[in-house]
Amino acid sequence: MKITTWNINSVRLRLSSLARLITQVSPDIICLQETKVRDELFPVKDVEALGYPYQAISGMKGYNGVAILSKWPLIKIKTKVWCKKADCRHVFATINKKGVRPIEIHNFYVPAGGDIPDPEKNIKFAHKLQFLKEVAKWQESRRSSPSAQVLVGDLNIAPLPTDVWSHKQLLKEVSHTPVETKALEHLLLAGSWTDAVREIIPPEEPLFTWWSYRSKDYTKNNRGRRLDHIWITGTLKKHISEIDVFHATRGWEKPSDHVPVTITLAV
DNA sequence: ATGGTCGCTTGGCGA
């Protein structure tokens, strides 16, 4: 089972990129973030034609939006409201493929948090921390639920020193501040998750999934960050067969600033 | 230290 997560930054603008990704990676499940489209306008038919008839979508006009596209039936589709905002940042469902045990999959788009890493001065940063706190609390309360779970998404935090181009220079930048990386660690522990990507790619090795648009040539200084994650529960740990960060998309025409990350599970 | 670029919409916000 191949599961891909990708912050696509507008699903309508990048349908052809999605098609190209599918040709090259052929995932069973694709989790998108920043779809930026209301559900009524989601390109359901186009996505069906690409081979994904089962879709769990949660979108709004202009901002945010998440979607799970699947080759296999999705059951128990749900969304959650966090921080009392119905801002389409979390959709989850159970993958119900014949002959495979059900896997619950969570797709998150964590608030980016603005520019100033101080919750007193920056309401967006306060929102980000509150969001992580609420999700962690929820995870603690449902520890006994499905044993096979996957959590993916744009978590907007690069936790390890090797998840950013310069640990030292980014310690005061939103996405890599200690308060955020601690909050993410707390969430990871709260749900008893394993960082599947770092199980395969050694933590010593720099690894990025996002490069800012605000640079002429992203390859030149390689100033990236690992903001996109795949976490799994313990029972799936022994089934990881591959992790792929599909860097190529960042060099495509009209790229998203994030690249897809894929896990292959031998289930 | 600052500004740099996108996408959704057409002025300005969010990333």
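Labels below follow one simple rule: chain letters A, B, ... track the order of the sequence lines, proteins then strands, and each chain is numbered from 1. Remember, it's a predicted structure, so these values are computed and weren't measured experimentally.
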**Request:** Please list, chain by chain and in numerical order, all residues satisfying salt bridge (Lys or Arg N to Asp or Glu O under 4.0 Å) with A/Asp163, sequence neighbours excluded.
**Result:** A/Arg198, A/Arg226

**Message:** Given A/Pro111, which partner from the list A/Lys128, A/Gln130, A/Lys85 fulfils the side chain to side chain contact (heavy atoms under 4.5 Å, CB included) test?
**Reply:** A/Lys128

**Message:** If the condition is side-chain hydrogen bond (donor to acceptor under 3.5 Å, both in side chains), which residues does A/Asn64 pass it with, not counting sequence neighbours?
**Reply:** none

**Request:** Determine the Euclidean distance between corresponding C1' atoms of B/dG14 and B/dG4; express it in Å to zero decimal places.
**Result:** 16 Å

**Fill in**
Separation of B/dG7 atom C1' from A/His258 atom NE2, nearest Å, is 13 Å

**Qualifying residues under side-chain hydrogen bond (donor to acceptor under 3.5 Å, both in side chains), relative to A/Thr4, sequence neighbours excluded** = A/Thr262

**DNA chain B contacts made by residues 113-135 of chain A, counting heavy atoms under 4.0 Å** = A/Lys124

**Item:** Spacing between A/Asn64 atom CG and B/dC8 atom P, to the nearest angstrom
**Value:** 13 Å

**Request:** Give the rounded distance in Å between these two atoms: NZ of A/Lys36 and C1' of B/dG12.
**Result:** 13 Å

**Request:** Using the P atom on both, measure B/dT2 against B/dC6 and round to a whole Å.
**Result:** 23 Å

**Fill in**
Of A/Val11 and A/Asp257, the one whose closest nucleotide on DNA chain B sits nearer the 5' end is A/Val11

**Request:** With sequence neighbours left out, write down each residue that passes side-chain hydrogen bond (donor to acceptor under 3.5 Å, both in side chains) with A/Glu48, or none if nothing qualifies.
**Result:** none

**Message:** Could you check whether atom CD1 of A/Ile123 has more than 12 heavy atoms from other residues, nucleotides or ligands sitting under 6.0 Å from it?
**Reply:** no

**Request:** Determine the Euclidean distance between corresponding C1' atoms of B/dG3 and B/dA15; express it in Å to zero decimal places.
**Result:** 15 Å

**Request:** Measure the distance from CZ on A/Arg14 to P on B/dC6 and round it to the nearest whole Å.
**Result:** 10 Å

**Rounded distance in Å - CG (A/Asn7) to C1' (B/dA15)** = 9 Å

**Complete:** Among B/dA15, B/dC8, B/dC13, the one nearest any side-chain atom of A/Leu13 is B/dC8

**Gap between atoms NZ and P, on A/Lys254 and B/dC6 respectively (whole Å)** = 8 Å

**Asked** For DNA chain B, what residues of residues 206-229 of chain A have any heavy atom nearer than 4.0 Å?
**Response** A/Tyr213, A/Arg214

**Complete:** A/Ile8 atom CD1 is separated from B/dC8 atom C1', nearest whole Å, by 15 Å

**Message:** For A/Gln149, give me all partners under side-chain hydrogen bond (donor to acceptor under 3.5 Å, both in side chains), at least two apart in sequence or on another chain.
**Reply:** A/His106

**Request:** Using the salt bridge (Lys or Arg N to Asp or Glu O under 4.0 Å) rule, collect all pairs that involve residues 255-267 of chain A, keeping only residues at least two apart or in two chains.
**Result:** none

**Request:** Identify whether any heavy atom of A/Arg89 sits under 4.0 Å from a base atom; if not, whether one sits that close to sugar-phosphate; answer base, sugar-phosphate or nothing.
**Result:** sugar-phosphate

**Fill in**
For A/Arg101, the salt bridge (Lys or Arg N to Asp or Glu O under 4.0 Å) test, sequence neighbours excluded, returns none

**Request:** Give the rounded distance in Å between these two atoms: CZ of A/Arg250 and C1' of B/dT5.
**Result:** 10 Å

